[in-house]
Amino acid sequence: MSEIRKPFPFAEFEPKWQSRWDSENTFRTPNPGDVGFDATKPKYYVLDMFPYPSGTGLHVGHPEGYTATDIVGRYKRMNGFNVLHPMGYDSFGLPAEQYAIKTGQHPAITTAANIENFRRQLKSLGFGYDWSREIATTDPEYVRWTQWIFLQLYSSYFCEEMNKAKPVSELENKGWSRDQIDDVRLAYVADTPVWWSTDLGTVLANEEVEEWKSKGHVVERRPLRQWMLRITKYAQRLMDELDTLDWPEGIKLLQKNWIGRSEGGEVVFAIADKSITVFTTRPDTLFGATYMVLAPEHPLVPQITTDENVARVEAYQKDCASKSDLDRGDLNKDKSGVFTGAFATNPVNGAQIPVWIADYVMMGYGTGAIMAVPAHDERDFEFANRFNLPILQVVRPLDDSDWQGYAASGIAVNSGFLDGLPTAEAKAKIIEWLVEKEKGVRKIQFKLRDWLFSRQRYWGEPFPIVWKDGHHYALSNVNLPLLAPPLENYKPSGTPEPILSKAREWVELPDGVTRETNTMPQWAGSCWYYLRFCDPENKERFISETAERYWSSDKPGMVDLYVGGTEHAVLHLLYARFWHKVLFDLGHVSTPEPFQKLVNQGLILGEDGQKMSKSCGNAVNPDDVISEYGADSLRLYEMFMGPLEQVKPWQMKGVEGVSRFLARVWRLAITEDGKLTEKIKAADCTDKELLRVIHETIKKVGEDIEKLSFNTAISQMMICTNALTQAETVPLKEFTQFLAVLNPFAPHITEEIHERICAKFDRSPGLLSEAVWPDYDDQALIRTECELVVQVNGKLRERIWISMDADEETAKDRAFASEKVKEHADGKTLRKVIYVPGKIINLVVS
RNA sequence: GCCGGGGUGGCGGAAUUGGUAGACGCGCUUGACUUAGGAUCAAGUGAGCUCGCUUGUGCAGGUUCGAGUCCUGUCCCCGGUACCA
């Protein structure tokens, strides 16, 4: 391969600066009590979503967010902040284990190798991380505290009165029994229908199901005994406290929808000697309930089904179970169902209404049963029409809409004592009535389910739990971390029996005590890593109180800026908030939220506008870009592509563009044979226009970084470079300021030029990365003259140079002096003059 | 269907208390330097034509001296989500 001449020798100086930052600990961040800690500095915590160290290494999406936070971190440092900007690895989890199975190597080995590769790649990008804080979720010392936090959940319950978690020891003191306490722990064991995947060999959380299905794995419903986390107790707080966060509205909404709060009521219907409760958001339509539907798997179904209907009901149930989620595709929306033969009594009017089962009612939501009001619910309406069930109007629309299937608010009709009431009032009144008659209650229903927390896999944190005589017990802290035993074969066995159960010696302890063999999901580690970064070496606590307080905000969220992809909207970001709130309730952290400001970087597409993937052949490897154009070019390009949050396609030509820009900056200072150009002069700058551009650049770049508007900041620096290129001389002082402004974006080249300049001009060669962000001079920004646009009747006719402080009269006279203006205005009457000094004068004539 | 985001040159994108549309970069054109140019420097580059004007920010209206920006209606694209009672 022929040697390509590089426009500037990045291959030489980039590694040089990287190792210098390393050896000098340039980006080490002191904690309170550390050498070099300065209590007068404000803190700033800027965090990336740490990567899962895959076998394929970084893709270009990683450097996008990482460069953005690096720029902000470096900028804040230069502005006098004590910046915490750490990096680590989310190294447990199913993909790591699958990769290990594929390569035939133990996941510990592949994970270590992958981490090493990620670290090399991250360092080659010149990120200013405090590498002394690097953590991996698989580190035994990290596992210790992940397990410790789990035990915090295990030994807590949710106190409804105080709306917060409290230690279960309080209940013990009150004399609660062992079983009673086990029923309220935030971490508990339950038999529930769960999502099980045979080929993955584990169960999955609701939130994860779609992702794995889309990768082609088969996931099915199955009742299993599992560890759950009682996140539902936090539903309301998780919802309400979103409002205190500076997050994209879209993400907040996604979480709100996932939590899915519905206000309504529960109504009890009698069926013969049994009763069944339904949840409804429209208790005001109770008079219109003409039938009832149970989920096919509802436990009451066998008890109420009449003999002559048993065969059909059972057939339907079977049908539903078999097609439960494979065939129940998106298109299959046709209503189906069968009559059970049973009748329920409508508590409000005693009406006998038929009880059906149908798969449009889900066992997993509400009570698994509904009262059907076909007149005012689209689904019930469709079902009633399909099976010729009565449709009774009980709401009069406010407009002239058809009442049939009208689901919005209106006025109650055909509803006895509710008649004439608007929906809101009718709801309140009927609930009052139901409560009085003990036939129902007001109820707030959430869509959010408790978090299925156990996995049957090998590559995860074991539960710090042992069993004896059917009871679970927490390991004491001295026994942490509890690490998984070495296993020869950790391939999925096809049964829900956890892999760890194969390690008999590890599982079976003396006196009939056995270990819990489930492991935690990958989310466990990522739920609290931002806390560990604050105090990663601590042996005594998961984070010291001093460090925790120091790195917390006076705002609700601890981390000042959190940047990452949108794919974690309802997974990691919800789970981490939940754990944080538990730790907050228990007094372990001092803020109610983990992440104050959240920004989602947009996906980078391939050059063809498609999602990057190996199979499409449109993937870009950062290593290749770095070896061809250098890390600074890659960083700069990713920031120049467009707004951080936007989806945008990769263009190799664009990398060349920013590389050319950096080459221009290089040539301002360095000649072809590596010497300093003669153009740089130490004398004061006399070129006012050049000064103005430079100070405008200092101002705009600073403002743009604060706004995370990196593309426009780079654009301004390009303008500045063009001005410097065209200038007679390059003023040393201002050029150094310019290098400081460019430094957070392109740290290597700016350090290199800076060092060479310092050598030539006998200046102290401190690191540019440790420079102070330059101040701009307001005076230098002032323009005395400007170009004024002259419009006649709103159309641009002329531009004139005029003093900034010219008054309207002067501007008007100057405008009318123009031939072009005369041409359009002569012979007409001037009706109005609109003058915006410095911008525009519009002459309205007719 | 619902929710969210977005439609601006050949391309990525600038510009919103309403005030020069297309900054900056890519690509393209021309010129200079050169043995050479996939380097560099300089100039140009929305479209149309009668070369000074007309037109131009998805589409159709409206408000205004003036609209990419505000209002009404409408179409399209992307992302999320889907029988949640």
Side-chain angles (χ1 to χ4, degrees), chain A residues 4-5 7 210 248-254 256-258 260-262 264 278-282 285 293 295 328 330 332-335 358-362 364-373 376-380 382-383 407 445-448 566-567 569-570 602-603 605 607 609 636-637 640-643 645-658 660-661 663-664 667 672 709 711-722 725-726 787-799 820 823-824 831-836 838-846:
Chain A
I4 302 162
R5 205 178 63 179
E210 275 313 313
E249 283 307 314
I251 298 290
K252 288 190 187 181
L253 216 69
L254 235 46
K256 283 186 184 173
N257 290 343
W258 188 265
R261 183 183 195 272
S262 301
V278 303
F279 171 73
T280 175
T281 54
R282 293 296 301 273
T285 60
V293 185
R328 218 155 117 185
D330 298 339
N332 186 14
K333 291 254 164 104
D334 283 345
K335 293 285 179 291
D359 67 357
Y360 82 94
V361 173
M362 314 285 140
Y365 182 75
T367 62
I370 62 155
M371 64 178 215
V373 184
H376 307 294
D377 181 282
E378 224 179 289
R379 296 149 302 176
D380 298 344
E382 201 186 315
F383 191 83
Q445 183 68 46
F446 292 97
K447 206 170 86 179
L448 184 70
T566 186
E567 66 274 16
V570 290
L603 201 65
L605 305 173
E607 298 229 27
L636 209 60
Y637 172 63
F640 188 59
M641 289 174 84
E645 303 188 50
Q646 194 168 302
V647 178
K648 42 212 176 275
W650 184 273
Q651 293 183 329
M652 219 31 124
K653 284 284 185 189
V655 187
E656 273 178 42
V658 293
R660 263 199 290 255
F661 157 65
R664 279 160 78 87
R667 286 197 304 271
E672 229 163 285
S709 178
N711 54 332
T712 53
I714 293 165
S715 154
Q716 180 63 38
M717 289 188 282
M718 287 171 167
I719 292 170
C720 189
T721 302
N722 293 344
T725 303
Q726 296 191 335
E787 197 184 60
L788 187 73
V789 166
V790 182
Q791 295 184 341
V792 178
N793 287 345
K795 289 207 193 297
L796 190 152
R797 297 299 175 190
E798 182 65 293
R799 301 158 204 264
K820 286 182 191 167
E823 221 174 279
H824 290 92
R831 300 287 177 192
K832 200 172 175 183
V833 177
I834 291 104
Y835 177 48
V836 183
K839 288 197 168 158
I840 199 167
I841 183 163
N842 188 7
L843 309 167
V844 184
V845 298
S846 62

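Only this structure's heavy atoms are used, side chains among them; waters, hydrogens and symmetry mates stay out. Everything quoted here is computed from the prediction, not taken from an experiment.
At least one donor-acceptor pair under 3.5 Å links the side chain of Thr725(A) to the backbone N or O of Thr721(A). No donor-acceptor pair under 3.5 Å is formed between the side chain of Gln445(A) and the backbone N or O of Gly264(A). The closest donor-acceptor contact from the side chain of Asp377(A) to the backbone of Ala407(A) lies at 3.5 Å or more, if one exists at all. Checked by atom type and distance alone, the side chain of Tyr637(A) pairs as donor or acceptor with a backbone atom of Gln651(A) at under 3.5 Å.
Taking 3.5 Å as the limit, the base of rC11(B) and the side chain of Lys653(A) contain no donor-acceptor pair of atoms between them.
For the pair Lys335(A) and Phe383(A), the NZ or CZ position fails the cation-pi test of under 6.0 Å to the six-membered ring centre and within 45 degrees of the ring normal.
Atom CD1 of Ile714(A) and atom C1' of rC24(B) are 10 Å apart (whole Å). Atom CD in Glu645(A) sits roughly 18 Å away from atom P in rG79(B) (whole-Å rounding). Summarising the geometry, the separation between CD on Glu656(A) and C1' on rA39(B) is reported as 12 Å, rounded to the nearest angstrom. Summarising the geometry, the separation between CD on Glu672(A) and C1' on rC33(B) is reported as 13 Å, rounded to the nearest angstrom. To the nearest angstrom, P of rC78(B) lies 14 Å from CG of Leu603(A). Computed from coordinates, the Leu605(A) CG to rG6(B) C1' distance equals 14 Å when rounded to whole Å. For Asn711(A) and rA23(B), the CG to P distance is 14 Å, given to the nearest whole Å. rG12(B) atom C1' lies 12 Å from atom CE of Met718(A), rounded to whole Å.
Taken to the nearest 0.5 Å, the CG atom of Asn711(A) stands 8.5 Å off from the NZ atom of Lys648(A).
Contact check, Arg660(A) against rG27(B): a side-chain N or O comes under 4.0 Å of OP1 or OP2. Here Gln726(A) reaches the OP1 or OP2 of rA42(B): one of its side-chain N or O atoms lies under 4.0 Å away. Put simply, Arg664(A) has no side-chain N or O that comes within less than 4.0 Å of OP1 or OP2 on rU40(B). Between Ser262(A) and rA85(B) there is a side-chain N or O to OP1 or OP2 distance below 4.0 Å. An OP1 or OP2 oxygen of rC41(B) is reached within less than 4.0 angstrom by a side-chain nitrogen or oxygen of Arg667(A). For the OP1/OP2 pair of rG13(B) and a distance below 4.0 Å, the side-chain nitrogens and oxygens of Gln646(A) include at least one atom meeting the criterion.
Where Gln716(A) and Lys648(A) each meet RNA chain B at their nearest nucleotide, the meeting point lying more 5' is that of Lys648(A). Ranked by how close their nearest RNA chain B nucleotide is to the 5' end, Arg282(A) and Thr566(A) are led by Thr566(A).
Between Val845(A) and Asn793(A) the shortest side-chain heavy-atom distance falls below 4.5 Å. Residues Ile714(A) and Met718(A) have side chains in contact (heavy-atom distance under 4.5 Å, counting atoms from C-beta outward). Using a 4.5 Å heavy-atom threshold, the side chains of Asn722(A) and Arg664(A) count as touching.
When every heavy atom of Met362(A) is checked against every heavy atom of Ala295(A), the shortest pair comes out as C-CB, 3.9 Å.
Using a 4.0 Å heavy-atom criterion, one finds that Pro248(A) contacts no nucleic acid atom at all. Backbone-only contact: Val647(A) has heavy atoms under 4.0 Å from sugar-phosphate atoms and none from a base. Using a 4.0 Å heavy-atom criterion, one finds that Arg831(A) contacts no nucleic acid atom at all. Contact annotation for Asn722(A): backbone-only contact, meaning every heavy-atom pair under 4.0 Å involves sugar-phosphate atoms and none involves a base.
In this structure, Arg667(A) has no side chain to side chain donor-acceptor pair (under 3.5 Å) partners at least two apart in sequence or on a different chain.
One P atom belongs to rC76(B), the other to rC59(B), and the distance between them is 15 Å to the nearest Å. Remark: the separation of the C1' atoms in rU63(B) and rG12(B) is 34 Å, to the nearest Å. Taking the C1' atom of each, rU57(B) and rG6(B) are spaced 14 Å apart, rounded to whole Å. Rounded to the nearest Å, the gap between the P atom of rG22(B) and that of rG46(B) is 9 Å. Comparing rG7(B) with rG56(B), their C1' atoms sit 16 Å apart, to the nearest whole Å. Taking atom P in both rA43(B) and rC24(B), one finds a spacing of 12 Å when rounded to whole Å. rU54(B) sits 22 Å from rU64(B) when the C1' atoms are compared, rounded to a whole Å. Spacing between rC78(B) and rC26(B) at atom C1', rounded to whole Å, works out to 24 Å.
The nucleotide rG56(B) finds no pairing partner, because no Watson-Crick or G-U wobble arrangement with both distances shorter than 3.5 Å includes it. As the counterpart of rU50(B), no nucleotide is assigned, since no Watson-Crick or G-U wobble pattern has both distances under 3.5 Å. When Watson-Crick and G-U wobble pairs are counted only if both distances are under 3.5 Å, rU45(B) pairs with rG27(B). Searching all strands for a Watson-Crick or G-U wobble partner of rG9(B) with both distances below 3.5 Å returns nothing. Base pairing of rG4(B) is made with rC78(B), judged by Watson-Crick or G-U wobble geometry with both donor-acceptor distances under 3.5 Å.
With respect to Glu823(A) and Lys820(A), no salt bridge is recorded, no charged nitrogen being found less than 4.0 Å from a carboxylate O.
For rG9(B), the O4'-C1' to base torsion is within 90° of 0; the nucleotide is therefore syn.
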Detail all sub-3.5 Å separations between protein N/O atoms and N/O atoms belonging to nucleotides 17-21 of chain B.
residue : atom : partner   : partner atom : Å
rU20(B) : O2   : Arg799(A) : NH1          : 2.2

Just the table, please: protein N/O against nucleotides 53-55 of chain B N/O, every pair under 3.5 Å.
residue : atom : partner   : partner atom : Å
rC53(B) : OP1  : Glu823(A) : OE2          : 3.0
rU54(B) : OP2  : Arg797(A) : NH1          : 3.1

